[in-house]
Number of protein chains: 2
Amino acid sequence: MASARDRILDAFEELLITEGERAATLDAVAARAGVSKGGLIYHFPSKDQLAHGVCGRLTSLAADDAARMRAAAEGPARFYIRSSRYRGTPLDRAIVAVARLHQGGNTEAVATLRAVEAQWLAILAEALRDDDAAQAIKLMGDGLYYEALFRLPTGSPPLEPDAATDDHELERLFRVIDKIVG
Amino acid sequence: MASARDRILDAFEELLITEGERAATLDAVAARAGVSKGGLIYHFPSKDQLAHGVCGRLTSLAADDAARMRAAAEGPARFYIRSSRYRGTPLDRAIVAVARLHQGGNTEAVATLRAVEAQWLAILAEALRDDDAAQAIKLMGDGLYYEALFRLPTGSPPLEPDAATDDHELERLFRVIDKIVG
DNA sequence: GTCTATATTGTGATAGAC
DNA sequence: GTCTATCACAATATAGAC
């Protein structure tokens, strides 16, 4: 069984993603993690500490992703677009959770997101050797996340799309990308 | 002087945009609008009614924008990308305000945003006669809004960019678009 | 139409037992 | 490490005077 600390962070992320920032109260997090509020407070003395925890997760997961992106056989551009679709991976979840925290006015969340995004743009620009193409592809990836961000929350369906339809959408985006970088 | 009702909606929008959904309390809105909380409640009996007001503004402004987009001399694609940059227009402000409401768990905000975005995508697809290009350009516009959404809030600088630098960025995006639609 | 109370609930956090 | 109280405060909303 995962440590109480990890279960609490998981619960916080899940509530942020599926119920929104406002619903992710200490009471709700404790209940979902299966601990009392006092138990939660022992691990995270304040709500900012809880936010700090998910920001740390995002930073770590994004660093791993950046390494994979640089080394991707299909190239960073396709890798980036492919992974910009929300699939519920730990990285996807961390991004959306931190994005929600940002809405709640958390300042660390803004800085964390900005650092992660700057890293991705830098990798694209370096690989493509074309700042305009990199910027355009970065925007398309942002757009994909934007869509997910506004489809997920507030008790919506779990966003579990058909894989076949979905791969077809991806191929279509790849063809557009080829026009941009070609 | 604007009616009290309009001043209240303006104040609510402004707080949502610059301070975030959590800071846009009835107290804060009343103070910024220059009325008492009781006065506010007379015009908007609940906070949902307040949200309903800004959703209505967005729907109305988006309909006007859609008409201009269809008739734009430069074409809907360039018009859409140009107007996707946050410039603090009434439409820009309404979009960001409703996006913030969405984070707070307001269901009407989701439906309103979705309807508006579907309309824009339909106009692009119809004008370009290329669903893939329309989707890609729509994503780029979403990406531009996503950037604004995460640069604006929580007491950030007013986001008043240099017009010359900015037009240059736009020209570079236009060149990428030409590759996609050409 | 706008105001001043006030009621009620929810939220983050503390204190201290076990 | 985890729990059960409990506090202090902020938020929405109501009641009724002017």
Side-chain angles (χ1 to χ4, degrees), chain A residues 1-55 97-98 100-109 153-155, chain B residues 1-55 97-98 100-109 153-155:
Chain A
M1 177 134 166
S3 72
R5 197 192 137 88
D6 280 336
R7 275 185 296 124
I8 290 167
L9 282 181
D10 288 342
F12 189 40
E13 268 189 2
E14 175 72 15
L15 284 167
L16 285 171
I17 294 168
T18 60
E19 306 287 336
E21 194 269 341
R22 244 179 145 138
T25 65
L26 296 187
D27 277 309
V29 172
R32 176 167 265 270
V35 297
S36 70
K37 208 198 298 200
L40 188 160
I41 290 292
Y42 170 78
H43 291 284
F44 298 95
S46 75
K47 204 173 184 184
D48 274 355
Q49 290 295 311
L50 209 45
H52 181 69
V54 302
C55 286
V98 173
R100 299 256 195 268
L101 282 176
H102 173 238
Q103 310 291 332
N106 185 288
T107 54
E108 185 182 4
T154 336
Chain B
M1 178 134 168
S3 71
R5 196 192 138 90
D6 279 337
R7 274 186 298 126
I8 289 168
L9 282 181
D10 288 342
F12 189 40
E13 267 189 5
E14 174 72 14
L15 284 167
L16 285 170
I17 295 168
T18 60
E19 306 287 336
E21 194 270 341
R22 215 138 178 176
T25 65
L26 297 187
D27 276 312
V29 172
R32 176 168 265 269
V35 297
S36 70
K37 208 198 294 199
L40 187 161
I41 291 292
Y42 170 78
H43 290 285
F44 298 95
S46 76
K47 205 173 184 185
D48 274 355
Q49 289 296 310
L50 210 45
H52 182 68
V54 302
C55 286
V98 172
R100 300 255 195 267
L101 283 175
H102 174 238
Q103 310 290 333
N106 185 289
T107 54
E108 185 182 4
T154 337

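Residue numbering restarts at 1 for every chain, and letters A, B, ... go by the order of the sequence lines.
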Just how far is it from atom CG of Leu16(B) to atom CZ of Arg100(B), taken to the nearest 0.5 Å?
8.0 Å

d(Ile17(B) CD1, Glu13(B) CD) to nearest 0.5 Å is 5.5 Å

Distance in angstrom units between Glu21(A) CD and dG12(C) C1', rounded
13 Å

Result for 5'-nearest mapping on DNA chain D, choosing between Ala4(A) and Asp27(B), is Ala4(A)

For the atom pair CG (Leu50(B)) and NZ (Lys47(B)), what is the distance rounded to the nearest 0.5 Å?
7.5 Å

Minimal non-hydrogen separation, Ala24(A) against Leu15(A), with atom names
CB-CB, 4.0 Å

Does the side chain of Leu101(B) reach to within under 4.5 Å of the side chain of Phe12(B), using non-hydrogen atoms?
yes

Specify the separation, in whole Å, of atom CG of Asp48(A) and atom C1' of dA13(C).
13 Å

Can you pull out every side chain to side chain donor-acceptor pair (under 3.5 Å) where at least one residue sits in residues 24-43 of chain A? Sequence neighbours excluded, please.
Asp27(A)-Lys37(A)

List every contact pair, protein side and nucleotides 6-10 of chain C side both N or O, where the distance is under 3.5 Å.
none

Can you sort out the partners of Arg22(A) under salt bridge (charged side-chain N to carboxylate O under 4.0 Å, His left out), two or more places apart, ordered by chain and number?
Glu21(B)

Under a 4.0 Å heavy-atom cut-off, which of residues 5-15 of chain B touch DNA chain C?
none

List in chain and number order the residues that pass salt bridge (charged side-chain N to carboxylate O under 4.0 Å, His left out) with Asp48(A), two or more places apart in sequence or in another chain; answer none if no residue qualifies.
none

Between Arg22(A) and His43(A), just flag the one whose closest nucleotide in DNA chain D comes earlier from the 5' side.
His43(A)

Looking at every strand, decide which applies to Leu26(B) at a 4.0 Å heavy-atom threshold: base, sugar-phosphate, or nothing.
sugar-phosphate

Please name the pair of heavy atoms, one in Ala2(A) and one in Arg7(A), separated by the smallest distance, quoted to 0.1 Å.
O-NE, 3.5 Å

I need the His52(B) NE2 to Asn106(B) CG distance, nearest 0.5 Å.
10.5 Å

Taking any atom under 4.0 angstrom from a heavy atom of chain B, which nucleotides of DNA chain D are the first and last to qualify, 5' to 3'?
dA11(D) to dT14(D)

Base, sugar-phosphate alone, or nothing: which one does Ile41(B) contact when heavy atoms must sit under 4.0 Å apart?
base

Between Phe44(B) and Leu26(B), is there a side-chain heavy-atom distance shorter than 4.5 Å?
no

